Amino acid sequence: METFDPTELPELLKLYYRRLFPYSQYYRWLNYGGVIKNYFQHREFSFTLKDDIYIRYQSFNNQSDLEKEMQKMNPYKIDIGAVYSHRPNQHNTVKLGAFQAQEKELVFDIDMTDYDDVRRCCSSADICPKCWTLMTMAIRIIDRALKEDFGFKHRLWVYSGRRGVHCWVCDESVRKLSSAVRSGIVEYLSLVKGGQDVKKKVHLSEKIHPFIRKSINIIKKYFEEYALVNQDILENKESWDKILALVPEIQQSFQKSHNSLQRWEHLKKVASRYQNNIKNDKYGPWLEWEIMLQYCFPRLDINVSKGINHLLKSPFSVHPKTGRISVPIDLQKVDQFDPFTVPTISFICRELDAISTNEEEKEENEAESDVKHRTRDYKKTSLAPYVKVFEHFLENLDKSRKGELLKKSDLQKDF
Amino acid sequence: MEFSGRKWRKLRLAGDQRNASYPHCLQFYLQPPSENISLIEFENLAIDRVKLLKSVENLGVSYVKGTEQYQSKLESELRKLKFSYRENLEDEYEPRRRDHISHFILRLAYCQSEELRRWFIQQEMDLLRFRFSILPKDKIQDFLKDSQLQFEAISDEEKTLREQEIVASSPSLSGLKLGFESIYKIPFADALDLFRGRKVYLEDGFAYVPLKDIVAIILNEFRAKLSKALALTARSLPAVQSDERLQPLLNHLSHSYTGQDYSTQGNVGKISLDQIDLLSTKSFPPCMRQLHKALRENHHLRHGGRMQYGLFLKGIGLTLEQALQFWKQEFIKGKMDPDKFDKGYSYNIRHSFGKEGKRTDYTPFSCLKIILSNPPSQGDYHGCPFRHSDPELLKQKLQSYKISPGGISQVDDCGFSLNHPNQFFCESQRILNGGKDIKKEPIQPETPQPKPSVQKTKDASSALASLNSSLEMDMEGLEDYFSEDS
């Protein structure tokens, strides 16, 4: 993958928005079958333009209106907001207090920087294959809960373009959820509590809720390779001191052992002693799990999820610093997802150029319309498989919608 | 309810029809009554229900809710006042009808202010909780269905399938088996308080809730609905109040409890600053006495303390000029620069007297407000000692106020609750200045002292969580002076 040069963005974006951005699928998503009048027209978008100019309350009449505006303004970043009571671009004409955010997908934002206290390989905006496993585990744990515990069916996971992942839950009933329920869902999904000053961030009570048990089972699959080998959390004194702070008495055995794997075995032995002796004052019965959770369990930002009017980066938006496209993640292949192979805008634009030149050489008098061009264009680039994932997600939405309509018409006995 | 000029007609329903309109001994009051009744009955029903709710409040203060004593006393109150409480009794139509109509009448009286609404909702919730607790298990399902709640008890097979999960999720279940425990399946969003803390098992968008927890959910639903209903009622109130037949009664009802706000100017200027030290030991409630002492000792109080104490002083009659002088004198002793005081603090004092900014004449804090908002932290002296102090410290403090050890123990069954610091002051002053004859000898001949229940303070922290906080204080020898409105 070629390195990305941010100064090329204006030109690249022009090409991207004209030939590659998957408008029809995008519109198909946000229109939600046109079942509710003006659902798309009342949706807020925000654009970040060149030189950090930020404009809110953008809204569009239909797909072609959206295309024209995006091509005209060439946004560096696109965010999606809520569906409002009125067209956002007319919100100034609305009586004070009447312009309200009404519905929005339930969204989650998982950011690698929130794990800086437990990853040794990178910090802040950096990521590497060694710590990306944190995202893999997060997706598995959160997605399982959203699906099995909450019964949410339409979940779109998206790579943010740099250091994290987003989830968009698009079920009809979910879009209507109140802020209080959204907060409640985040609380249910949270286990790691405390900032810098807190050494032990996970405390489990005697009874283990099924959500916690199932999450631990997921972490167990990755723990040895991720934590004990790649992160090597017990490699040397400096790294294991953090864990000793939670279980001081195993210091000696740590020094005697040779690697993280051995040390972890020792820790497990000590921890299991406390598991059987619940009445002790020092440690709860789940010490081993508490440490695993502190190092591996997902960390969510509640502010992103609770507000109905919160704006979140749009799928297929470009990340201005890395050039990577925010692509959907195939849930069937979560373990294989590699953020470093996600195409950058410069890469796919070059792919497109190469194809076009070839085509020009091959074809002679083809007066193909722009639209037809574009429907084939992205397919010929590395963007194609990601659009496919998106289309699969859209098909499921369609199926559900048809199912609901059938149910309703059955009830009303419409034939 | 209709109060038109139609002729009075008592509805007479045949036996089965009557019972059908009130299928249960308790209800959520979703539908207003639609009969015509006489004014006399209207009044009597209202007064009886006020008596009932007052008993609910007092019993809740005197006994721990749910205990045998509480339950049996509340039941006898209900029986005495002829309101419904138990299923499967004979001739239940009348008591249920009285219950239904009287509730809606009181909505008219108690929707008028935040404090009235809060009181009304609290007592109605406690009443509902009691009635639900004595409902036989087989009646619960019917009641829930009839009340349009989507709560279904799951079958035994479904229970067995999920037994481990449910037991592992619900703190209210002990042991390893479900046994005969009823489990209800409800949409997860209806169980917000349970699932957010992972206190319930979730599967495919449903929460599997044991009966004990269902009660909490039902009460929350009830509170939310009643709160909304009261807001709506308040909006249609002008129309009702314009009916001259009803106006005097409704006013009378709503003033009889949760009392005055002590913002009236009746006693302005009757106190001089040099009386305050003595008054603080004789007639101030413990919270204000503590604040005054801290102010004298430290020549300073933080914002929370200045608000609570400053408004109390206004309530007992200090004028703005006196207040400014009082605070300034004290702060200067703490080496504060007089100019700094004028710049920083006097504006706030004038503001609290309604002389600055939006000119709101702030009212002195009631006990409920003091207990519920702005808990004190290190370096603060405000708050309520019965709520915010360690019980041991509280005991010591009261001893230093010279209350006898006998006084510092159990709560007396006087059936009364104090709910405003200025109320304490007024009544204390009334007694000391010979307003009425004292029938009983108080333990301290000169100063009436509160008799707190130290035990109750411990209960308070859990009770607080569900807004069940009346101040657990009573005053010996004073119950006769708080005339119960007839």
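All values below come from the heavy atoms of this structure, side chains included, with hydrogens, waters and symmetry mates left out. In what follows, chains carry the letters A, B, and so on, assigned in the order in which the sequence lines appear, proteins first and then strands, with residues in each chain numbered from 1. If you're wondering where the values come from, they're calculated on a predicted model, not measured in any experiment.
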* Asked: For chain B, which of S173(A), S178(A), G184(A) has the most heavy-atom pairs under 4.5 Å?
  ->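 Top count of heavy-atom pairs under 4.5 Å with chain B: G184(A).
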With respect to chain B, which residue among S183(A), A180(A), G151(A), S205(A) yields the maximal number of heavy-atom pairs within a distance under 4.5 Å?
->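 Highest number of pairs under 4.5 Å: G151(A).
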Might you confirm whether atom [atom1] of [X] has over 12 heavy atoms from other residues, nucleotides or ligands at distances under 6.0 Å?
{"X": "K201(A)", "atom1": "NZ", "answer": "yes"}
{"X": "H203(A)", "atom1": "NE2", "answer": "yes"}
{"X": "K147(A)", "atom1": "NZ", "answer": "no"}
{"X": "K199(A)", "atom1": "NZ", "answer": "no"}

(message) Walk me through whether Y201(B) and F211(A) qualify under ring pair (Phe, Tyr, Trp, His ring centres under 6.0 Å).
(response) CA-CA 9 Å; Y201(B) 174 58; F211(A) 165 76; over 10 Å; no
For the [atom1] atom of [X] and the [atom2] atom of [Y], what is their distance to the nearest 0.5 Å?
{"X": "E165(B)", "Y": "K214(A)", "atom1": "CD", "atom2": "NZ", "answer": "5.0 Å"}
{"X": "L192(B)", "Y": "Y188(A)", "atom1": "CG", "atom2": "OH", "answer": "13.5 Å"}
{"X": "L202(B)", "Y": "E148(A)", "atom1": "CG", "atom2": "CD", "answer": "12.0 Å"}

Review point. Do I185(A) and F195(B) have side-chain heavy atoms sitting under 4.5 Å apart?
Key: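 Heavy-atom side-chain distance check passes, below 4.5 Å.
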Are any of the side-chain heavy atoms of Q164(B) and R213(A) separated by less than 4.5 Å?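 No. Closest side-chain heavy atoms not under 4.5 Å.
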Which region of L194(B), side chain (C-beta onward) or backbone (N, CA, C, O), has a non-hydrogen atom less than 4.5 Å from a non-hydrogen atom of chain A, or is it both or neither?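 When you check distances to chain A, no heavy atom of L194(B) falls under 4.5 Å.
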Quick check against the 3.5 Å criterion: does [X] have a side-chain atom that pairs as donor or acceptor with the backbone of [Y]?
{"X": "H209(A)", "Y": "V200(B)", "result": "yes"}
{"X": "K207(A)", "Y": "V167(B)", "result": "yes"}
{"X": "R198(B)", "Y": "S190(A)", "result": "yes"}

**Request:** Any chance you could lay out the side chain to side chain contact (heavy atoms under 4.5 Å, CB included) test for F188(B) and D149(A), step after step, and finish with the verdict?
**Result:** CA-CA 9 Å; F188(B) 80 91; D149(A) 299 359; over 6 Å; no
Next on the checklist: Between A145(A) and chain B, with a heavy-atom cut-off of 4.5 Å, which part of the residue counts as in contact: side chain, backbone, both or neither?
Outcome noted: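 Contact with chain B involves no heavy atom of A145(A) at all.
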